[in-house]
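To start, the structure itself, in structure tokens.
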Amino acid sequence: PNEGFTVSAKGKYAGGAIGVTVGGDVSNVSVNNLKQVSAVETAGGFMGSNSASGLLNSSGLNLLGWNLVEINGLLKAVPYFVTDCTSCYVSYAVGNDAVEPQVTANSAGGFIGEMYGGSLDNSKMSGDSNAVRNVTFIQGMYYAGGFAGKITSGSLVQAGDGIDLLGITVDLNDLLSVLQVYIPRIISAGVSSGAGGLRVKATHQTSSVADAVEDVDSGSAGGYAGLIRGAQITSSNVTSLATKMDFTHTEPENGDWAVTAPNHAGGYAGQIDVGSVTAAGDGVQISGIANIGDLLNVLNVVESRLDQCD
């Protein structure tokens, strides 16, 4: 078999091309002959994470040391901290068996461990547009997916998950402007498995995370993603999940199922729901919502949409 190369991090992030990025454009980049990627927190075959966590804090709109007193300053800054990828893919080494997972971390994905906003568009690639190729086994402790462990919109209310606007009154139009650039968009970025099909496994469910906030979504796995929240995905298929006939064991815990998880498991996604701004409670005050139509405008932006995805 073709041995391929290995990427390992003792810290938070690991990726075949990029560990973690905040903002920028990544175009026409490919990772080939990858054997394994591993990290403690987040790992992906192409990228560990595009997290923009901590860009703002509740003490006064401080963005990486820049004091953005007005929301207009925020609107101008946000696009620069969102990562957009075009015509990118990862191809795993051919010939390795699926006994050992190719990606391992708390959140593990064939392409990216955790995707917060940003985009991937492979629609202009000639021939094969799949973002993940020859993948056979992804294993995350809490989240796992053939493409991503988690795909979520940048949070407007949760510190550590994206933009934090706690205690700030945001005009409806301003909010929609921020959301438009902070919703994950994926186009023509499928997942194709290697010989024997794809297995995805999340091993644990936790009731809390480091900041003591209950994580009821953990323990989720899917052929494409463990968790999809407030994302828009188009023409991105999962090809050839593993079947029982591909394994010699009969017990589920020994890998007799293509997707396994202690909480949510699905052939495409373990769990799909709307973006976190709809669950903001009193964390964000939105002015300018005069009727149900205005509210629906917000909901239409943050709802998860899958179009022509199998």
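Count residues from 1 along the sequence. What you see is a predicted model, and the numbers here were worked out from it, not measured in a lab.
Looking at every heavy atom in both residues, E41 comes nearest to A105 through O-CB, 3.7 Å. In this structure, A202 and A221 approach most closely via the heavy-atom pair N-CB, 3.8 Å. The shortest non-hydrogen separation linking V259 to A265 is CG1-CB, 3.9 Å. In terms of heavy-atom proximity, I138 sits nearest to V103 at CD1-CG2, 3.6 Å.
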Test side chain to side chain contact (heavy atoms under 4.5 Å, CB included) applied to I186 and I151, step by step = CA-CA 10 Å; I186 302 169; I151 305 172; 3.8 Å; yes

Might you work through the side chain to side chain contact (heavy atoms under 4.5 Å, CB included) test for L306 and I272, ending with a clear yes or no?
-> CA-CA 10 Å; L306 277 64; I272 301 174; 4.1 Å; yes

Test side chain to side chain contact (heavy atoms under 4.5 Å, CB included) on Y268 and I233 and set out the steps.
-> CA-CA 12 Å; Y268 195 89; I233 306 174; 3.6 Å; yes

Stepwise, does the side chain to side chain contact (heavy atoms under 4.5 Å, CB included) test hold for Y116 with N50?
-> CA-CA 6 Å; Y116 295 97; N50 66 345; 4.0 Å; yes

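Contact annotation: the side chain of I112 never approaches that of L120 to less than 4.5 Å [non-hydrogen atoms, C-beta and beyond]. By the 4.5 Å heavy-atom criterion applied to side chains, T86 and K124 are not counted as neighbours. In this structure, the side chains of N237 and Y224 stay at 4.5 Å or more apart for every pair of heavy atoms. Between R133 and D128, some side-chain heavy-atom pair lies under the 4.5 Å cut-off. No side-chain heavy atom of I228 sits less than 4.5 Å from a side-chain heavy atom of F147.
D217 and R229 are joined by a salt bridge, as a carboxylate oxygen and a charged side-chain nitrogen come within less than 4.0 angstrom of each other.
Each of D215, T42, N106 was checked for a side-chain hydrogen bond (donor to acceptor under 3.5 Å, both in side chains) with Y143, and the lone residue meeting it is D215. Of the residues V135, N134, T239, T136, the one that meets the side chain to side chain contact (heavy atoms under 4.5 Å, CB included) test with L198 is V135.
Under the 4.5 Å side-chain contact rule for hydrophobic residues, F111 and L241 share a cluster. In terms of hydrophobic clustering, with Ile, Leu, Val, Met, Phe, Trp and Tyr side chains grouped at heavy-atom distances under 4.5 Å, Y92 and M125 are assigned to different clusters. Under a hydrophobic clustering in which Ile, Leu, Val, Met, Phe, Trp and Tyr are joined whenever their side-chain heavy atoms come within less than 4.5 Å, directly or via other members, F5 and I18 fall into the same cluster. In the hydrophobic clustering of this structure, V31 groups with M47; members are Ile, Leu, Val, Met, Phe, Trp, Tyr whose side-chain heavy atoms approach within less than 4.5 Å, directly or through other members. Taken together through direct or relayed side-chain contacts under 4.5 Å among Ile, Leu, Val, Met, Phe, Trp and Tyr, F46 and V7 form part of one hydrophobic cluster.
E3 places no side-chain N or O within donor-acceptor distance of the main-chain N or O of K35, the cut-off being under 3.5 Å. Although no hydrogens or angles enter the test, the distance criterion places a donor-acceptor pair under 3.5 Å between the side chain of S193 and the main chain of S240. Formation of a donor-acceptor pair under 3.5 Å by the Q308 side chain with backbone atoms of T234 is not found in this model. The closest donor-acceptor contact from the side chain of D84 to the backbone of G118 lies at 3.5 Å or more, if one exists at all. Looking only at distances, no side-chain donor or acceptor of S87 sits under 3.5 Å from a matching main-chain atom of N122. The closest donor-acceptor contact from the side chain of E114 to the backbone of G149 lies at 3.5 Å or more, if one exists at all. Between the side chain of S192 and the backbone N or O of V132, at least one donor-acceptor pair lies under 3.5 Å. Looking only at distances, no side-chain donor or acceptor of Y13 sits under 3.5 Å from a matching main-chain atom of G113. Of the possible donor and acceptor atoms, one in the side chain of S236 sits under 3.5 Å from a partner among the backbone N and O of A189.
For the atom pair CG of N33 and OG of S91, the computed distance is 8.0 Å after rounding to the nearest 0.5 Å. Considering NZ of K12 and OG of S107, their distance stands at 13.0 Å, rounded to 0.5 Å. In this structure, CD in Q205 is found 7.0 Å from NE2 in H264, a value given to the nearest 0.5 Å. Within the model, atoms SG of C85 and CZ of R185 stand 14.5 Å from one another, a figure rounded to the nearest 0.5 Å. In this structure, the separation between NZ on K201 and CD on Q139 is 5.5 Å, given to the nearest 0.5 Å.
Ring orientation note: the planes of H204 and Y142 are nearly perpendicular, at an angle over 60° on the 30°/60° scale.
Residues satisfying the side-chain contact (heavy atoms from CB on, under 4.5 Å) test with S8, not counting sequence neighbours, are S38.
A donor atom on one side chain and an acceptor atom on the other are not found under 3.5 Å apart for D121 and S119.
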